[in-house]
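Accompanying notes for the structure given below.
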Protein chains: 2
Amino acid sequence: MSTACDHDHDHHDHHLDAHGVEARLAEARKLCEAQGERMTAPRQRTLELILSQNAPMKAYDVIDRFHPDGAAKPPTVYRALGFLEQMGLIHRIESLNAFVACQGHEHDHDHPEPHSAAFLLCECCGQSEEVMLDLGSIDRKAAASGFKVRRITLEAKGLCKACQ
Amino acid sequence: MSTACDHDHDHHDHHLDAHGVEARLAEARKLCEAQGERMTAPRQRTLELILSQNAPMKAYDVIDRFHPDGAAKPPTVYRALGFLEQMGLIHRIESLNAFVACQGHEHDHDHPEPHSAAFLLCECCGQSEEVMLDLGSIDRKAAASGFKVRRITLEAKGLCKACQ
DNA sequence: TGCGCAACTGTTATGTAATAACATAATTCA
DNA sequence: TGAATTATGTTATTACATAACAGTTGCGCA
Ligand SMILES: [Zn+2]
Ligand SMILES: [Zn+2]
Ligand SMILES: [Zn+2]
Ligand SMILES: [Zn+2]
């Protein structure tokens, strides 16, 4: 990220080590099985790369790192991203054109499922935090216009605790 | 927009006629003057096109319609869009890669200035409504993590009153 | 068992969105 | 006027995402 700052960016709050990643992959496989969906190789590889990252990851970074040698073809990865998002395993961050693993398990809804979430996005270190969203006030605001909300994108840009 | 619906999409709540557009352009010129900024030809033309549209407009639609004959060059339009956004005259809709005129004047803050806003985006007819945002609850949520919010993107997708 | 369908992947090509880099022109102000 | 600043013109490139179709895999059922 922009390094117009003197502090380091090693405060990887959500970084998972290899064991952590494998644990999350196992959960994901279980979820897919429970839903009658298939956790295929490209899907798992895509999720693995995103889990290994401590910040939202660009689709083309996944593409570039997909194979030990050489890149994947874009449709391979974009299809996997679409699937993972539908399963509620990852979220797309619209304002960054990037994808991040769902952190819902840190808030209790332990069985991932598609959901709207709010994100705190640090403009200095690039890390993101998923926070639970109070849809109520937005729904009420919308209802006042007769609008029926299906899905909410809420992304707050600013500075995380470590970067201020 | 997707026309998997039988109703028409002519409920143009925010559509401005030629006089309305000119009035808004005049306000914009006044605002720029007051701020010591210059409302140049490409900036005004870009704003005119966005005001004339009754829904968020893609950058490349502005580019295509910029000249009566032939298109503008992308940097011309992207620079104008950046300026207009900084002036608070338009908003970027992240989830659509599109731009819409600020409707703040319909809510009273009559002197446009850069601000976070919330949008209700109809997935059927494509129209958008800008609603005032209660930043409070988001700020509090962020503060609990020590996060300092600078700017908020809030986009609710769903169906407007006329499209349900 | 192997046929037939549905879901998924591979591959090529293309479409869409945005910016880098540098040259030229207009505006401001001393 | 002339230098500094701001804005535009222009060419090229980079970044992001999907269309279209061929081939493969998994799976239920005759
Ligand atoms: Zn989540
Ligand atoms: Zn940070
Ligand atoms: Zn506004
Ligand atoms: Zn609608």
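Just so it is clear, the structure is predicted and the values come from calculations on it, not from any experiment. Just so it is clear: chains get the letters A, B, ... in the order the sequence lines come, proteins before strands, and each one is counted from 1. When reading the values below, keep in mind they use all heavy atoms of this one structure, side chains included, and skip hydrogens, waters and symmetry mates.
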**Study point:** Neighbour count >12 (heavy atoms, 6.0 Å) for atom CD, E33(B)
**Key:** no
Nearest-0.5 Å distance, [atom1] of residue [X] to [atom2] of residue [Y]:
| X | Y | atom1 | atom2 | value |
| --- | --- | --- | --- | --- |
| Q127(A) | E129(A) | CD | CD | 9.5 Å |
| L25(A) | Q44(A) | CG | CD | 5.0 Å |
| K161(B) | C122(B) | NZ | SG | 13.5 Å |
| K30(B) | M39(B) | NZ | CE | 13.0 Å |
| L96(B) | F119(B) | CG | CZ | 10.5 Å |
| F99(A) | R92(A) | CZ | CZ | 4.5 Å |

**Study point:** Toward the 5' end of DNA chain C, by each residue's nearest nucleotide, P74(A) or A80(A)
**Key:**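 On the 5' side of the pair lies A80(A).
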Rounded off to whole Å, could you give me the [atom1]-to-[atom2] distance for the [X] and [N] pair?
| X | N | atom1 | atom2 | answer |
| --- | --- | --- | --- | --- |
| F83(B) | dA7(D) | CZ | P | 7 Å |
| E85(A) | dT18(D) | CD | P | 10 Å |
| K73(A) | dT18(D) | NZ | P | 18 Å |
| R79(A) | dT25(D) | CZ | C1' | 14 Å |

Assess the side chains of [X] and [Y]: does a donor N or O sit below 3.5 Å from an acceptor N or O?
| X | Y | result |
| --- | --- | --- |
| E94(B) | T153(B) | no |
| H115(A) | E130(A) | yes |
| S95(B) | E155(B) | yes |

Exercise for review: Please state whether the phosphate of dG9(D), meaning OP1 or OP2, lies under 4.0 angstrom from any side-chain nitrogen or oxygen of T76(B).
Suggested key: yes
**Study point:** Range on DNA chain C touched by chain B - first to last nucleotide, heavy-atom distance under 4.0 Å
**Key:**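 Going 5' to 3' along DNA chain C, contacts run dA17(C) to dT27(C).
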Practice item. Could you tell me whether a side-chain N or O of E85(B) sits under 3.5 Å from a main-chain N or O of I90(B), the two making a donor and an acceptor? Key: no
Point to revise | Interface with DNA chain D, restricted to residues 35-50 of chain B and to heavy atoms under 4.0 Å | key: E37(B), R38(B), T40(B), P42(B), R43(B)
Name the pairs: protein N/O against N/O of nucleotides 13-16 of chain D, kept only if under 3.5 Å.
unit_1	atom_1	unit_2	atom_2	d
dC16(D)	OP1	K58(A)	NZ	2.8

